[in-house]
Student: 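Handing you this structure, nothing more for now.
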2 protein chains.
Amino acid sequence: MAGLREQKKAETRKAIIDAAVQLFSNKGFEKTSIEDIATVAGIGKATVYTYFSAKVDIFLTYCDDELEGAFSELATKQSRASDLHEQLLEFFMIMFRFVTRDREFGRQLMRATSFPEEANPALKEHNKYYFDFLENIFRSAAQRGEIATGQDYYYLSAHVFSLYFAALAGFYGGYSETAEDVENGLSIFFRQFIDGIKP
Amino acid sequence: MAGLREQKKAETRKAIIDAAVQLFSNKGFEKTSIEDIATVAGIGKATVYTYFSAKVDIFLTYCDDELEGAFSELATKQSRASDLHEQLLEFFMIMFRFVTRDREFGRQLMRATSFPEEANPALKEHNKYYFDFLENIFRSAAQRGEIATGQDYYYLSAHVFSLYFAALAGFYGGYSETAEDVENGLSIFFRQFIDGIKP
DNA sequence: TTAAAATCTCGAATGCGGTCGAGTTTAGCA
DNA sequence: TGCTAAACTCGACCGCATTCGAGATTTTAA
């Protein structure tokens, strides 16, 4: 009868995530209590903590799964973007749409990513993926002669990544309302980045 | 006897900030409770909320107060001599040094302000202060002919601000060790920003 | 088969941020 | 000076995340 407990655990774990995701999208992260989640999942409140070490971890686990989806979309999608500016915009808008599919999703993800209390290995892995992807974009732009060669790709990637963060912060801070607003903002940022701001 | 209340209020306010800063440096933001602060400040817990609307506001206010002096000095100094790149670097390094005076302090501050759980008016005010300052830097750079005119100063400010965030994230993520490393990173970012990255 | 060890469960307890409202102090004016 | 309105103070309270601990269930090994 080995594995009975394992199997139950997997079911309970899934029940918690399902309940949490459902409640989070209905009521939002803040308004959803652990007790709500436990009740919907059909378990006791304290039992949740056998599976997740904190409320936010439930959400990050879900985020993690979702991001896998975003990356696979990126990998399969044939890029129609021709120049660097378009490529950057396309890349980040795919990420943006994914991350803000549910508003809370993006916010918590950003909180966990930007100045984490504890390092989260899964998220670090994701960031590395972003950076690798970006470095490839820059490498090919350099090959096409669109940008100067001999630049540190790491700093270029970090630069555009930070602009993406700024766009997201604007979205969550109430400065931009729609995805279109965000796209316009990003477009301006990338123009500045590529062309510089001199006369 | 006019101003008696005003004076007391100012004293209490200062007592709260002092207590908070002291406790925070010792125990960290999370571990310091409002009650601790109230006790050290010699007042009741609820009274803290007459002066500050939330725990983070105490720290934001402290930062605003401390940085105000540094910046007004900077404002008068900066009009002469240096160019945009240097001015930006100077501005952000003052902020960086202040914020990382105590390492934990900086991390907590960033956590509290980057993707807040709920919109916070005081936080908006706080950020607006820095943006206004940056806009002035850009305005005078435009007047000197250093950068193209007709650009949206708001986007320029947001751009450099996001680079500062990236540098800080790098510092807390373990990518740069010393203040000097951070300054070098920022310098590279600002060069990219000003000059663009084309061949 | 069985009994000890390991693990899981969950109601109860803890601690904290934040609010309430009754009591107190001050300001302003007659 | 006396009186009222406005503003301040703080103990008590609320809701919620997280931890405790004691009892239930499952695994392991002989």
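The figures that follow rest on heavy atoms only: side chains count, while hydrogens, waters and symmetry mates do not. Just so it is clear: chains get the letters A, B, ... in the order the sequence lines come, proteins before strands, and each one is counted from 1.
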Student: In this structure, how many angstroms lie between the P atom of C:dT25 and the NZ atom of B:K9, rounded?
Tutor: 17 Å
Student: Do any pairs count as a salt bridge (charged side-chain N to carboxylate O under 4.0 Å, His left out) and have a residue in residues 18-29 of chain A, sequence neighbours left out, and if so which ones?
Tutor: A:K14-A:D18, A:K27-A:D36
Student: By a strict heavy-atom criterion of less than 4.0 Å, which residues belonging to residues 34-42 of chain A are in contact with DNA chain C?
Tutor: none
Student: Looking only at heavy atoms, what is the nearest atom pair of B:E146 and A:P199, with distance?
Tutor: O-CD, 3.3 Å
Student: Measure the distance from CZ on B:F24 to C1' on C:dC16 and round it to the nearest whole Å.
Tutor: 17 Å
Student: Within a reach of under 6.0 Å around CZ of A:F161, are more than 12 heavy atoms found that belong to other residues, nucleotides or ligands?
Tutor: yes
Student: Could you note down all residue pairs passing side-chain hydrogen bond (donor to acceptor under 3.5 Å, both in side chains) where residues 46-55 of chain A supplies at least one of them, sequence neighbours left out?
Tutor: A:S53-A:D57
Student: Between A:Y62 and A:F24, is the gap from one ring center to the other below 6.0 Å?
Tutor: no
Student: Rounded to whole angstrom units, what separation is found between the CD1 atom of B:I43 and the C1' atom of C:dT24?
Tutor: 16 Å
Student: Which residues satisfy the side-chain hydrogen bond (donor to acceptor under 3.5 Å, both in side chains) test with A:Q22, sequence neighbours excluded?
Tutor: none
Student: For the residue pair A:F171 and A:F96, does the interplanar ring angle fall in the parallel (under 30°), tilted (30 to 60°) or perpendicular (over 60°) class?
Tutor: perpendicular
Student: Starting at atom CZ of B:R13, determine the distance to atom C1' of D:dC8, rounded to an integer number of angstrom.
Tutor: 15 Å
Student: Can you tell me if CD on A:Q151 sees more than 12 non-hydrogen neighbours from other groups inside 6.0 Å?
Tutor: yes
Student: Would you kindly check whether a donor in the side chain of B:K45 faces an acceptor in the base of C:dG18, or vice versa, at under 3.5 angstrom?
Tutor: yes
Student: Rounding to a whole Å, what distance do you find between B:I16:CD1 and D:dC8:P?
Tutor: 12 Å
Student: Hey, which of these two, A:T32 or A:A46, hits DNA chain D nearer its 5' end, going by closest nucleotide?
Tutor: A:T32
Student: Between A:K8 and D:dT26, does any side-chain N or O lie under 4.0 Å from OP1 or OP2?
Tutor: yes
Student: Using a 4.0 Å heavy-atom cut-off, does B:S33 contact any base of the nucleic acid, only the sugar-phosphate backbone, or nothing at all?
Tutor: sugar-phosphate
Student: Test: side-chain hydrogen bond (donor to acceptor under 3.5 Å, both in side chains). Region: residues 185-199 of chain A. Which pairs qualify, not counting sequence neighbours?
Tutor: A:H85-A:S187, A:R191-A:D195, A:Q192-B:H159, A:D195-B:K198, A:K198-B:D195
Student: For DNA chain D, what residues of residues 50-64 of chain A have any heavy atom nearer than 4.0 Å?
Tutor: A:A54, A:K55
Student: When you get a sec, tell me which of C:dT25, D:dT19, C:dT19 is the closest nucleotide to the side chain of B:Y49?
Tutor: C:dT19
